[in-house]
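Order of the sequence lines fixes the chain letters, A, B, ..., with proteins taken first and strands second; residue numbering starts at 1 for each chain. The basis for the numbers below is simple: all heavy atoms, side chains too, and nothing from hydrogens, waters or symmetry mates. Nothing here was measured: the structure is a model prediction, and the numbers come from that model.
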Number of protein chains: 2
Amino acid sequence: MVEAGRRKAVENHRGRPPSMADVAALAGVSAQTVSRVVNGSRNVDPETQDRVERAMRMINYQPNSAARALATGRNKMIGIISFDLEAYGNARALQAIVARAQSHDYSVDVVTVKHSNEGDIAKAFQRLRRQNVDGIIVNQAQVLDSFLSLPTGVPVVVVDGDIEHRYRGVQTDHAAGSAIAVRHLLDLGHETVWHLAGPNLSIPARRRAEAWLAALNDADRPVPQVLYGDWTAASGYEVGREMARIPEMTAVFAANDQMALGLMRALHEAGRSVPGDVSIVGFDNIPESGYFLPPLTTIDQDFEAIGRESVELLMAQLAGTDTPEARGVTTITPRIVVRSSTTRRARPPSDASPRGSAPRS
Amino acid sequence: MVEAGRRKAVENHRGRPPSMADVAALAGVSAQTVSRVVNGSRNVDPETQDRVERAMRMINYQPNSAARALATGRNKMIGIISFDLEAYGNARALQAIVARAQSHDYSVDVVTVKHSNEGDIAKAFQRLRRQNVDGIIVNQAQVLDSFLSLPTGVPVVVVDGDIEHRYRGVQTDHAAGSAIAVRHLLDLGHETVWHLAGPNLSIPARRRAEAWLAALNDADRPVPQVLYGDWTAASGYEVGREMARIPEMTAVFAANDQMALGLMRALHEAGRSVPGDVSIVGFDNIPESGYFLPPLTTIDQDFEAIGRESVELLMAQLAGTDTPEARGVTTITPRIVVRSSTTRRARPPSDASPRGSAPRS
DNA sequence: CCGTGTCGTGTTAGCGCAAACATGGCTGCG
DNA sequence: CGCAGCCATGTTTGCGCTAACACGACACGG
């Protein structure tokens with residue numbers, strides 16, 4: 001009986017969910033008036049509005065978004081193309097974007113892409129276009145911008161993508177973050193700073209590596225060879241075992257916290273203490289990094305800001321308040337979080353002892 | 001000119017994307033025949049099919065999913081309700097679900113819920129219903145099952161939810177995993193095992209705590225007081241500072257890896273070595289856990305299986321091949337990954353002499 | 001040679017909604 | 001007092017697609 005009542009509330013006599021026509025019949029008005037109430041049109045008599053709203057509640061009416069989309073051409077839905085969600089940064093950015101979109105009453109169609117080759121990304125775009133999304137946010141595109149010339153027909157915002165393309169973008173200021181990290185280590189008296197980089201395909205990884213190089217050049221320091229990981233702790237550990245054999249290495253800037261963790265373990269196993277012998281700075285400020293041994297000094301990215309800005313940029317384009325000529329990129333500035341993995345260099349470079357018999361193999 | 005050509009390919013003369021009618025006109029057939037080609041109907045002359053396909057490619061036709069949804073009542077879209085994506089397990093499960101749904105050519109509408117109170121979840125359901133999703137997967141519902149009696153009108157699959165409800169479910173066998181963890185520690189000679197639990201609101205947390213208790217009772221061991229964290233490393237650290245003051249504590253089962261990390265740091269600061277003085281087992285096997293100091297013994301969850309099973313269960317219901325009476329829950333068995341954070345108890349409870357003064361780091 | 005299928009295709013109608021236009025009652029102002 | 005203008009509401013139409021049915025051509029068996 002209760003069950004029957006519940007069914008009744010969800011389906012009308014035609015065995016389908018209630019439509020505007022059902023509401024209209026119940027409230028004694030036309031379907032158009034129901035539509036006006038649903039969409040908050042101003043020109044509705046308060047009493048009529050009340051009657052319609054009561055009728056909607058009575059049969060538990062929900063607007064049909066497909067019909068609305070068909071009639072208006074808009075869907076109140078944005079698409080997100082995202083890569084590996086196991087990566088903390090990607091998941092965080094996705095979370096922030098979804099939350100922000102919801103606050104605008106937009107739904108989110110998420111497409112994940114395993115490999116960031118052009119074919120897979122083109123397929124992702126096509127899938128989203130079929131779903132009639134109103135706009136697309138590409139989260140952390142790890143490829144060059146060639147795919148971005150695909151005709152999508154909808155506004156696109158790119159997060160941490162290549163700056164040279166024709167779409168709106170949002171990005172963390174990787175260069176500023178890297179510069180702060182390098183500066184921090186140099187200020188602690190280290191002769192130079194080594195770099196454990198992310199995969200060269202990744203645009204953020206390249207930006208961080210370039211900024212590290214620039215910061216060393218600015219300070220007129222020797223530039224050690226770059227070593228590459230793939231963002232994982234495992235790769236940090238592998239590369240770290242090689243790095244541990246370099247005696248003159250006293251400071252490392254790792255391109256993310258996971259690789260820093262792997263590096264720390266490798267150094268620990270090699271008997272080199274952090275920060276006693278080697279100071280380390282990470283990037284991302286993952287929630288665990290404050291509890292590593294030792295707690296990691298790192299660069300904090302503001303993912304909330306990335307979500308906020310990317311959605312707002314898309315909304316502005318949807319509303320037409322964003323001029324097409326404004327191809328700018330919104331930049332989010334990161335900040336350093338100093339913990340215990342960095343310290344003043346034990347043997348200062350100024351005195352008689354050999355100073356940094358520079359790079360190596 | 002190129003630009004104009006591109007526009008032409010995306011829009012027809014009416015300033016809208018090309019429709020079936022446009023394809024039909026170009027191919028010299030009716031719209032219905034185009035529909036048949038698009039949907040792979042068998043009763044189409046190969047030559048006609050070829051002509052239609054060529055026409056579609058020529059004007060870059062994409063079916064309009066809103067119109068299809070309106071006409072058929074199906075949307076090729078499933079909804080996912082997910083909680084905090086910063087939590088590794090949630091992000092992993094989401095990733096797996098999305099990937100699996102895509103392989104069925106279903107799109108995914110993701111709704112995130114900040115607080116798992118009934119109101120917010122009801123809103124999430126409503127939002128998905130408005131978007132006309134064909135089915136819903138609730139990822140890691142952290143509440144009791146009262147909300148699950150909401151009339152949704154579509155099939156629902158619950159991941160790690162309460163087993164007592166009327167929907168299909170998929171879950172990791174938290175009980176089995178916890179039992180393995182406790183058994184592992186007892187087998188190493190520990191008198192009993194302490195438990196650092198997740199928040200009591202969480203169903204997986206409660207299951208793990210209950211299974212820990214049952215395992216101790218089965219082995220007829222004393223049951224220490226449960227201590228609660230909130231899944232974060234920070235909470236593990238806070239609780240850990242208290243735990244470090246309990247001298248008789250030699251083994252801890254932490255309900256996830258992050259809390260285990262915080263606990264390890266607290267013990268380290270208190271001068272108690274892991275695993276020398278205290279052995280620790282975590283849960284989840286996050287990618288970083290193999291690089292903690294020491295590498296963490298933990299219970300590995302098969303998130304791929306969770307994604308696979310939950311989507312398949314939903315697809316079966318959509319296809320009608322799942323009988324409504326079959327209200328069972330698919331269970332995924334986890335496995336232990338033994339690393340260095342656990343070792344044989346240094347001072348065995350029975351004899352006098354210390355046997356095997358455990359290795360360190 | 002005519003019924004009965006089957007196959008390829010066309011025609012019609014309607015899914016639920018909102019844009020555009022129509023209508024009729026009322027207000028306000030010269 | 002009469003007409004312009006506005007307000008609340010109704011009517012018509014079509015968004016793009018597919019279910020259901022219609023239709024002609026041809027095949028085959030009795």
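- At a non-hydrogen distance threshold of 4.0 Å, Q32(B), S35(B) from residues 24-35 of chain B come into contact with DNA chain D.
- When the nucleotides dT18(D), dA8(D), dC17(C) are ranked by their closest atom to the side chain of A71(B), dT18(D) comes out on top.
- Where A67(B) and R36(B) each meet DNA chain C at their nearest nucleotide, the meeting point lying more 5' is that of R36(B).
- In this structure A124(A) satisfies the side-chain contact (heavy atoms from CB on, under 4.5 Å) test together with I81(A), V111(A), V113(A), sequence neighbours excluded.
- Counting any heavy atom pair closer than 4.0 Å across all strands shown, N43(B) reaches a base atom.
- The distance from atom CD1 of I306(B) to atom CG of N139(B), rounded to the nearest 0.5 Å, is 8.5 Å.
- Legend: residues meeting side-chain hydrogen bond (donor to acceptor under 3.5 Å, both in side chains) with R100(B), ordered by chain and number and at least two apart, are E312(B).
- Rounded to 10 degrees, the angle separating the terminal helix axes of the helix from dC1(C)-dG30(D) to dG30(C)-dC1(D), each built from five base pairs, is 40°.
- The separation between Q131(B) atom CD and dC17(C) atom P is 14 Å, rounded to whole Å.
- Of the side-chain N and O atoms in N39(A), one or more sit less than 4.0 angstrom from OP1 or OP2 of dA18(C).
- Checking the phosphate oxygens (OP1, OP2) of dG16(D), a side-chain nitrogen or oxygen of R16(B) falls inside 4.0 Å.
- In this structure, the side-chain hydrogen bond (donor to acceptor under 3.5 Å, both in side chains) partners of D84(A), at least two apart in sequence or on a different chain, are Q95(B).
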Less than 3.5 Å apart, which donor and acceptor atoms pair up between the side chains of residues 66-77 of chain A and the rest of the protein, not counting sequence neighbours?
from   : atom 1 : to      : atom 2 : distance (Å)
R68(A) : NH2    : N39(A)  : OD1    : 3.0
T72(A) : OG1    : R68(A)  : O      : 2.8
T72(A) : OG1    : R74(A)  : N      : 3.0
T72(A) : OG1    : R74(A)  : O      : 3.1
N75(A) : ND2    : Q131(A) : O      : 3.2
N75(A) : ND2    : N132(A) : O      : 3.2

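- In terms of the salt bridge (charged side-chain N to carboxylate O under 4.0 Å, His left out) criterion, residue partners of R127(B) (sequence neighbours excluded) are, by chain and number, D105(A).
- Counting only residues at least two apart or in different chains, salt bridge (charged side-chain N to carboxylate O under 4.0 Å, His left out) contacts with residues 50-60 of chain B comprise E47(B)-R51(B), D50(B)-R54(B).
- Listed candidates were dA19(D), dT18(D), dG16(D). Nearest to the side chain of M20(B) is dT18(D).
- For T33(A), the side-chain hydrogen bond (donor to acceptor under 3.5 Å, both in side chains) criterion is met by S30(A), not counting sequence neighbours.
- Nearest nucleotide to the side chain of Y61(A), out of dC17(C), dC15(D), dA18(C): dC17(C).
- For the OP1/OP2 pair of dG8(C) and a distance below 4.0 Å, the side-chain nitrogens and oxygens of T48(B) include no atom meeting the criterion.
- The shortest side-chain heavy-atom distance between I332(A) and E309(A) falls under the 4.5 Å cut-off.
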